[in-house]
Amino acid sequence: MEYKDTLNLPQTDFPMKADLARREPDMLKWWEENSIYAKLREVAQGRPTFILADGPPYANGAIHLGHSINKVLKDVVVKSRTLDGYDAPYVPGWDCHGLPIEHQIEKARGKEVKSLDARAFRQACREYAMEQVNIQREDFKRLGVMGDWDRPYMTMQPRYEAEQLRAFARIWRNGHVYKGLKPVHWCLDCRSALAEAEVEYEDKNSPAIDVRFAVKDTADLAKRFGAQGSSASRASLVIWTTTPWTLPANQAVALGADIKYSLIDTGSELLVLASELAEAVLKRADVTDSKVLAQAAGSALEGLLLAHPFYERAVPVILGEHVTLDAGTGAVHTAPGHGHEDYVVGLKYKLKIDNPVGSDGRFVAGTPLFEGERVFDANKHVIEVLKERGALLHEETLRHSYPHCWRHKTPVIFRATAQWFISMEQKGLRQSALREIGKVKWMPGWGERRIGNMIADRPDWVISRQRTWGVPIALFTHKATGEAHPRSADLLDQVATLVEKDGIDAWADLDPAKLLGAEAEQYEKVTDIMDVWFDSGVMHHCVTQARPEITAPADLYLEGSDQHRGWFHSSLLTSAAMYDRAPYRAVLTHGFTIDEKGRKMSKSLGNVIVPQKVFNSLGADVLRLWIAATDYSNEMSLSDEILKRVAESYRRIRNTARFLLGNLAGFDPATDAMALDDLVAVDRWALWRTQQLQEEVVAAYRDYQFHLIYQKVHNFCSVDLGGFYLDVLKDRLYTTPAKSAARRSAQTAMYWIAEAMARWIAPILSFTGEEIWRHLSPTTAAGKRGQSVFFETWAQFPQGAAVRPTVDWDAILELRSAVAREIERLRNSGAIGASLDAEVDLYCAPALLQTLKPFGEELRFVFITSGARVHPSEGRPAEAAPAQEDESNAAWILVRPTEAAKCVRCWHKRPDVGQSTKHPELCGRCVTNIETAGEVRKYT
RNA sequence: GGGUCUGUAGCUCAGUUGGUCAGAGCGCACCCCUGAUAAGGGUGAGGUCGGAGGUUCAAAUCCUCCCAGACCCA
């Protein structure tokens with residue numbers, strides 16, 4: 001028992017049990033109280049910068065897993081770049097305006113909202129958004145994300161809002177903005193536009209009518225069908241609609257290019273119908289006798305002119321992809337002012353966006369036949385008119401799903417209203433954006449195709465919203481012409497100055513005369529606000545203007561892959577519109593979370609995992625490790641089982657660190673570290689391996705391949721260290737004198753491993769990395785240890801560490817596992833328990849013999865056996881087991897139980913136990929280690 | 001329906017421009033240790049590389065189709 005006291009066993013306060021959920025908050029407090037982020041900025045000052053621009057999450061609701069992934073990945077990037085020698089500031093942001101927040105206020109206040117004026121409503125939104133920011137901020141911090149949390153950017157900050165107006169002014173000056181018409185959902189009761197989210201679908205009864213659109217030139221029709229002339233005097237295309245009141249705004253009839261149409265003779269007239277639907281249409285129109293004269297694809301009829309059923313207007317046949325054979329006639333009445341698809345196809349054919357309906361839902365003055373009528377009431381009248389003109393083929397009532405206002409529960413209409421657009425074409429914005437896409441590094445590479453297709457296909461950007469909570473489109477329009485003021489850009493800048501002082505209310509409160517003087521009489525303020533995608537999209541301008549540490553273009557944007565349509569997209573367009581360049585040099589995307597079965601997480605499936613639950617039980621570091629370990633370029637699956645696995649991996653890494661720390665107790669690198677050339681060979685190897693691995697780890701960080709880092713570091717802990725190096729090292733660490741060269745050599749290698757590993761894991765396992773850092777010696781090889789691991793750069797190994805050792809360790813490791821197999825066989829036979837119960841004879845081919853010979857007495861430590869001898873392979877006993885495929889390193893192994901007595905100190909079974917009269921229970925080696933400065937080790 | 005992707009052992013990932021067996025770690029099973037101990041070590045069993053065709057002397061790696069899944073549109 002007393003001899004145990006002569007051993008150097010591990011000693012450390014670094015707990016095996018991480019207890020992360022409880023301990024991490026203490027670390028957060030320490031980071032905060034010691035202003036680690038602020039100090040880091042000072043430490044990193046003057047280094048080359050790396051700018052990660054933070055895409056602002058929307059300030060509504062608790063953070064979910066997706067937020068966590070995004071923020072943690074950003075944090076890993078920022079921290080790894082910092083350790084890589086960059087100055088990488090991180091200014092987090094929030095997206096604060098917009099409809100969802102308005103809805104939250106409405107929901108919370110109910111009817112009280114109606115009594116709020118716009119100013120009070122905005123104030124309520126502002127307060128709500130701020131609360132949400134605070135909630136989210138706490139969770140982001142809890143995840144261990146390091147950044148300027150005390151000074152984030154928020155799109156509702158007056159400075160940001162002002163810069164946004166300046167950005168808009170710049171885009172205006174560059175000629176990208178125009179005013180146009182676009183149909184939007186319109187509630188007759190709200191008398192305002194509704195967003196998609198404010199529309200719900202309910203059943204409604206509508207008149208469903210089949211209407212004749214007479215062909216102007218029947219000869220042309222016949223020619224297109226390749227049919228002979230017919231006696232029938234009248235030919236018509238038949239459309240089907242459930243909104244008769246939109247017929248006054250009709251501008252075209254759309255057909256499907258690839259749909260087959262039949263020219264049908266009913267005896268009294270010719271009708272054109274989709275072949276597939278003809279029978280059904282004729283049946284409901286009570287046409288009993290008919291024959292098909294000819295058939296043609298829709299594409300053959302493009303451009304055919306038709307007569308509007310009750311106005312003196314010729315309308316063309318056009319082709320649209322939205323035409324289907326689900327119902328109707330295969331011919332779609334097209335009123336670009338009253339339907340989204342009609343609008344889109346109308347743009348293509350440059351159709352007039354006619355809007356005869358006022359905001360009150362009545363036909364405007366000057367509308368022939370229907371002036372002043374309410375649209376839904378007008379249905380009846382329209383049908384009457386159609387009847388009178390002989391255009392009505394059939395009428396019935398249809399119950400169908402129809403959009404309703406979610407507040408009033410009343411049917412809504414599509415109504416063209418004036419909107420502000422950013423044009424993709426008029427100043428070459430599309431071209432500019434597409435060109436810039438090619439200059440950006442997209443990771444993964446397919447992101448370029450994805451966003452490229454979107455930019456290539458997208459229509460002009462509608463930036464106006466008829467809403468309250470947002471940055472105003474601060475334009476003055478002429479009361480008579482509707483045109484924007486000729487000095488709009490300058491006026492926008494002036495408004496920006498006001499907004500910078502008083503926020504967006506400054507626009508609402510503004511007396512036009514203040515800026516326009518006498519002209520004010522002729523102008524009115526636009527009350528629209530901007531699309532929130534514009535808000536966040538100009539972050540590259542707003543934040544760089546307000547924060548000197550953030551510059552544009554950014555080195556990296558990092559968001560979920562949905563942002564190809566979102567923030568990457570809006571940022572690219574605004575930046576191209578303002579500066580004719582992309583706002584980013586590189587874009588990295590991650591996938592979404594799914595469960596282990598590959599399904600997305602949803603409440604209905606009950607497979608949702610919330611980050612709060614994870615960091616309050618397993619700890620943020622475990623969640624961070626999962627994020628880092630997962631290949632985020634695809635979907636990321638998470639389940640309780642996966643978390644369990646990750647937690648186990650975490651423990652392996654942690655315990656490896658603990659073992660290193662425990663054996664480094666009392667080791668002062670400044671005085672105790674040994675020179676590279678004096679290291680025991682295996683320690684030299686360990687240092688080399690560590691150096692090699694660091695190169696791989698650093699390269700993986702630079703490539704954002706974090707999951708490889710996890711694999712490599714974990715493998716290093718399990719295989720190189722646990723499975724070999726540290727296992728072998730134990731004997732030397734424990735049994736040689738504390739200050740002996742043999743032990744100091746081991747500690748020198750372990751010291752460097754610990755120094756390196758703390759840094760490797762710090763960007764990912766930030767809490768644990770910092771915890772290890774604190775348990776490392778207060779002094780380092782270079783001087784005094786810094787306050788935080790994040791102030792460091794990668795470990796600088798001693799000169800020469802990268803030089804590959806001359807000993808063939810690969811061969812030895814292979815041999816070692818062959819020996820282990822033989823030992824296992826012996827163990828399973830019951831002859832031995834521990835490997836120290838065995839001794840091994842090795843019969844080696846020449847090359848291996850060369851490698852092993854120098855080890856001499858130290859060879860047994862490699863196998864952790866009590867004895868190990870090498871012999872030439874010639875004359876090997878028959879029972880020796882063959883091992884090693886490599887011929888030059890071939891070996892035959894013979895393992896057997898040792899007869900010798902066990903040394904009570906080192907547990908090796910040695911023949912020299914008992915030779916010392918002073919220490920009869922010890923082996924010779926232990927006597928040396930107790931009585932002298934210690935044994936000499938050269939190899940292991 | 002369209003655009004962009006993904007599918008290798010129970011889990012997480014490797015598999016360079018098609019030609020040595022399809023590999024690693026974890027988990028699992030069994031064993032050992034009890035001086036890293038709610039730790040550590042060893043051995044071992046697990047995959048027809050989503051499915052079906054095709055190109056090729058040769059395919060997890062190329063092509064087609066199908067199935068399942070993700071994101072964004074319609």
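Chain letters run A, B, ... following the sequence lines, proteins first, then strands; residues in each count from 1.
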From the candidates B/rC71, B/rG42, B/rA36, the one with an atom nearest any side-chain atom of A/L726 is B/rA36
Side-chain contact check for A/W907: nearest option of B/rU34, B/rG40, B/rA14 is B/rU34
Could you give the distance separating B/rC49 and B/rA24 at their C1' atoms, to the nearest angstrom? 16 Å
Touch class at under 4.0 angstrom, heavy-atom based, for A/L7 against every strand present | base
Taken to the nearest whole Å, NZ/A/K712 to P/B/rC26 is 16 Å
Look at A/R645 together with A/E641 and state whether they make a salt bridge at an N to O cut-off of under 4.0 Å.
yes
field: Within-4.5 Å side-chain heavy-atom neighbours: A/L20 and A/Y650
entry: yes
Inter-nucleotide C1' distance (B/rA22, B/rA9), Å rounded:
10 Å
Relative to its sugar, using the 90° cut-off around 0, the base of B/rG44 is anti
Here the distance between atom P of B/rC11 and atom CG of A/N634, to the nearest Å, is 16 Å
Residue pair A/S561/A/S633 against RNA chain B: nearer the 5' end by closest nucleotide is A/S633
Exercise. With the threshold set at 4.0 Å, does a side-chain nitrogen-carboxylate oxygen contact exist between A/R825 and A/E822?
Worked result: yes
Any N or O donor-acceptor pair linking the side chain of A/R450 to the base of B/rC71 at under 3.5 Å?
yes
Exercise. Please determine if a side-chain N or O atom of A/R905 lies less than 4.0 Å away from the OP1 or OP2 oxygen of B/rG35.
Key: no
Q) Any side-chain N or O of A/K600 under 4.0 Å from OP1/OP2 of B/rC71? A) yes
Requested in this report: May I ask you to say what A/E641 touches in the nucleic acid, namely base, sugar-phosphate or nothing, with a heavy-atom cut-off under 4.0 Å?
Outcome: sugar-phosphate
Whole-Å distance, A/W567 CH2 to B/rC71 C1', equals 18 Å
Exercise for the section: Using the P atom on both, measure B/rG51 against B/rA59 and round to a whole Å. Expected result: 15 Å
Determine the contact category for A/G566: base if any of its heavy atoms lies under 4.0 Å from a base atom, sugar-phosphate if only primed atoms, P, OP1 or OP2 are that close, otherwise nothing.
nothing
From CG of A/N715 across to P of B/rC11 the rounded distance in Å is 19 Å
Considering only heavy side-chain atoms of A/E824, the closest of B/rA14, B/rG35, B/rC31 is B/rC31
Ranking B/rC13, B/rG10, B/rG25 by distance to the side chain of A/S718, first place goes to B/rG25
- Any salt bridge between A/D621 and A/R23, counting N to O under 4.0 Å? no
Q. Can you tell me if the side-chain N/O atoms of A/H564 get under 4.0 Å from OP1 or OP2 in B/rG3?
A. no
| request: Determine the interatomic distance between C1' on B/rU56 and the same-named atom on B/rU61; round to the nearest Å. | output: 13 Å
- request: Would you mind checking if A/E921 and A/K902 are paired as a salt bridge, meaning a charged N to carboxylate O distance below 4.0 Å?
  value: no
Open item on the list: Assess whether a salt bridge exists between A/K730 and A/D727, defined as any Lys/Arg side-chain N lying under 4.0 Å from an Asp/Glu carboxylate O.
Closed with: yes
A/F592 atom CZ is separated from B/rU6 atom P, nearest whole Å, by 16 Å
key: Sugar-phosphate only, base, or nothing, as touched by A/G662 at under 4.0 Å among non-hydrogen atoms   = nothing
Contact class for A/T589 vs. all strands (heavy atom < 4.0 Å): base, sugar-phosphate, or nothing? nothing
The nucleotide from B/rU4, B/rU43, B/rG42 with an atom nearest the side chain of A/R827 is B/rG42
Task: Ion pair check, A/D683 and A/R937, cut-off under 4.0 Å - done: no
Looking only at B/rU43, B/rC72, B/rC32, the nucleotide nearest the A/A834 side chain is B/rC32
Separation of the P atoms in B/rA70 and B/rU55, to the nearest angstrom:
35 Å
| Separation of the P atoms in B/rA68 and B/rC30, to the nearest angstrom | 39 Å
Taking a pair to mean Watson-Crick or G-U wobble geometry with both distances below 3.5 Å, B/rU56 pairs with none
Under 4.0 Å between a side-chain N/O of A/R654 and OP1 or OP2 of B/rA39, yes or no? no
Whole-Å distance, A/Y650 OH to B/rA38 C1', equals 15 Å
Regarding A/K730, tell me which of base, sugar-phosphate or nothing describes its non-hydrogen contacts under 4.0 Å with the strands shown. base
**Item:** Over 12 non-hydrogen atoms of neighbours within 6.0 angstrom of CD in A/E695
**Value:** yes
Considering every strand and a 4.0 Å limit on heavy-atom distances, what is the contact class for A/R565: base, sugar-phosphate, or nothing?
sugar-phosphate
Worksheet entry | Phosphate OP1/OP2 of B/rG35 contacted by A/Y3 side-chain N/O (<4.0 Å) | no
Considering only heavy side-chain atoms of A/L708, the closest of B/rG40, B/rA36, B/rA14 is B/rA14
#### Entry: Side-chain ion pair, A/K74 and A/E559, N-O less than 4.0 Å
yes
Side-chain contact check for A/E635: nearest option of B/rA70, B/rU43, B/rG35 is B/rA70
Requested in this report: Between B/rU8 and B/rC62, how far apart are the P atoms? Round to whole Å, please.
Outcome: 15 Å
Taken to the nearest whole Å, CZ/A/R743 to P/B/rG35 is 17 Å
Could you tell me whether A/V646 contacts a base, only the sugar-phosphate backbone, or nothing, with contacts defined as non-hydrogen atoms closer than 4.0 Å? nothing
Walk me through whether A/H185 and A/F414 qualify under ring-ring contact (aromatic ring centres under 6.0 Å, His included).
CA-CA 5 Å; A/H185 285 294; A/F414 256 106; 4.3 Å; yes
Note: for A/F659 and A/I823 on RNA chain B, the residue whose nearest nucleotide lies more 5' is A/F659
Closest of B/rG10, B/rC13, B/rC71 to the A/T630 side chain is B/rC13
From CD1 of A/I594 across to C1' of B/rU12 the rounded distance in Å is 13 Å
Can you check whether A/N453 has a side-chain N or O nearer than 4.0 Å to OP1 or OP2 of B/rU4? yes
- prompt: Reckon A/V904 touches a base, only the sugar-phosphate, or nothing at all at heavy-atom distances under 4.0 Å?
  reply: base
Checking N1-N3 plus N6-O4 or O6-N4 for Watson-Crick, or N1-O2 and O6-N3 for wobble, each under 3.5 Å, the partner of B/rA45 is none
Among the nucleotides B/rU43, B/rU12, B/rA74, whichever has the atom closest to the side chain of A/E341 is B/rA74
Margin query: Taking 4.0 Å as the cut-off, does a side-chain nitrogen or oxygen of A/R652 come that near to OP1 or OP2 on B/rG41?
Written below: yes
Practice task
Take atom C1' in B/rA60 and the same atom in B/rC13, then report the distance between them in whole Å.
Solution key: 15 Å
Just N and O in the side chain of A/K17: are any of them under 4.0 Å from OP1 or OP2 of B/rA38?
no
For this session: Report yes if at least one side-chain N or O of A/S637 is closer than 4.0 Å to OP1 or OP2 of B/rU12; otherwise report no.
Result: yes
